[in-house]
A.B. asks: 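Here you go, one structure.
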Amino acid sequence: MQFTEDTLNLMGLREVKKMRFFTLGIAVATYRNSGTKGYSSKPSYGFYTKYKNKDKTTTEKKQRRTKIPWTEEQKSVLSAVAQGSSVFITGSAGTGKTELLMEVVKLLRKLHTRSKVFVTSSTGVSSFAIKGQTLHSFIGVYDANNCSPENLLDMIMGKKRAISRWEKAGALVIDEISMVDAKLFDGLEFVARKLKGVDETWGGIQLVVAGDFCQLPPVNQNSKYVSYAFEADCWNDSFDFQIELTKIFR
Ligand SMILES: Nc1ncnc2c1ncn2[C@@H]1O[C@H](COP(=O)(O)OP(=O)(O)OP(=O)(O)O)[C@@H](O)[C@H]1O
């Protein structure tokens, strides 16, 4: 049989098509088996369903977060923060301190820009809950409990990144303040004033502090007597507004 050039091209094309169907067949088989144990005639939508559900929960969370009906007490905190005031928020467990703090952080980021707002907590777990860092990692000194303000400043002076955090800070959030002792609180105020180079309380940093002094007390292994942050010399000068949330949600 004599093949013309056209016939050969046509056969070549058919071979290519056959190959494509073969490859497609393998792909379909692999897809059907993926995510399932053994063969299943139904395609696996596992990934898609998981992705869809994840997306749904994120949207639900977002909607829930924006729809919180803030109480008058909580609103008064938000309006004080919006005016640039330094605020202390207290209240027993379940009064919405953390929830409110998350909203306060959003507000502070609008006021000062994101990079100038430092969100901290005295414990690792709660710093994770508010998507921040531990207070000690922000300070740049991990064993700062028994230092005098001057010693604390000396220790920080050796750390470039810590200095730059302090210099940059426009707002500082501290959650779980009950675990910070008075000496450290006074020390931090001194450091802020010196590193910001502004002779105002906390060097002009807008401070938002939350916690319940009836919960965990400060930990100080080197001293028998623990003094709470509210006993610090600078405590009253540190805030323009102090409030106790009274409505319990859980
Ligand atoms: N205004 C509000 N309306 C409805 N629910 C709220 C309101 N404020 C807070 N909540 C809800 O109340 C619950 C407790 O809030 P949150 O965890 O912030 O309390 P908390 O004071 O930080 O408690 P804890 O001291 O135990 O950490 C959360 O589920 C939160 O979403």
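We're numbering straight along the sequence, starting at 1. Computation of the quantities below employed the complete heavy-atom set of this structure, encompassing side-chain atoms and omitting hydrogens, waters and symmetry-equivalent molecules. In listed order, ligands and their atoms are each counted from 1. Keep in mind it's a predicted model, so treat the numbers as computed, not measured.
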A.B. asks: Crowded around Lys194 NZ? As in, over 12 foreign heavy atoms under 6.0 Å?
C.D. replies: no
A.B. asks: Return yes or no for this condition: an N or O of Gly94 is under 3.5 Å from an N or O of ligand 1.
C.D. replies: yes
A.B. asks: Please work out whether the ring planes of Phe213 and Trp235 are parallel, tilted or perpendicular, with thresholds of 30° and 60°.
C.D. replies: perpendicular
A.B. asks: Taking all non-hydrogen atoms of both residues, which atom of Thr90 and which atom of Gly211 are closest, and how far apart?
C.D. replies: OG1-O, 2.7 Å
A.B. asks: Among Leu188, Leu195, Asn151, which residue satisfies the side chain to side chain contact (heavy atoms under 4.5 Å, CB included) criterion with Ile156?
C.D. replies: Leu195
A.B. asks: Heavy-atom contacts under 4.0 Å between Arg250 and ligand 1: side chain, backbone, both, or neither?
C.D. replies: side chain
A.B. asks: What do you reckon, does Lys97 have a nitrogen or oxygen under 3.5 Å from a nitrogen or oxygen of ligand 1?
C.D. replies: yes
A.B. asks: Please state which option from Glu72, Met102, Glu99, Glu103 has its nearest heavy atom closest to atom 31 (O) of ligand 1.
C.D. replies: Glu99
A.B. asks: Hey, is Pro69 touching ligand 1 through its side chain, its backbone, both or neither, going by heavy atoms under 4.0 Å?
C.D. replies: both
A.B. asks: Quick one: does Gly96 get an N or O within less than 3.5 Å of an N or O on ligand 1?
C.D. replies: yes
A.B. asks: Using a 4.0 Å heavy-atom cut-off, which part of Lys247 comes near ligand 1: side chain, backbone, both, or neither?
C.D. replies: neither
A.B. asks: Give the contacting part of Ile68 toward ligand 1: side chain, backbone, both or neither, where contact means a heavy-atom distance below 4.0 Å.
C.D. replies: side chain
A.B. asks: So is Thr95 touching ligand 1 or not, going by heavy atoms under 4.0 Å?
C.D. replies: yes
A.B. asks: What do you reckon, are the aromatic ring centroids of Trp202 and Phe185 less than 6.0 Å apart?
C.D. replies: yes
A.B. asks: Output the list of atoms in ligand 1 that are nearer than 4.0 Å to some heavy atom of Trp70, sorted by atom number.
C.D. replies: 1 (N)
A.B. asks: Is there a donor-acceptor contact under 3.5 Å linking the side chains of Ser126 and Thr123?
C.D. replies: yes
A.B. asks: Say whether Ser137 and Gln133, considering side chains only, have a donor N or O and an acceptor N or O under 3.5 Å apart.
C.D. replies: yes
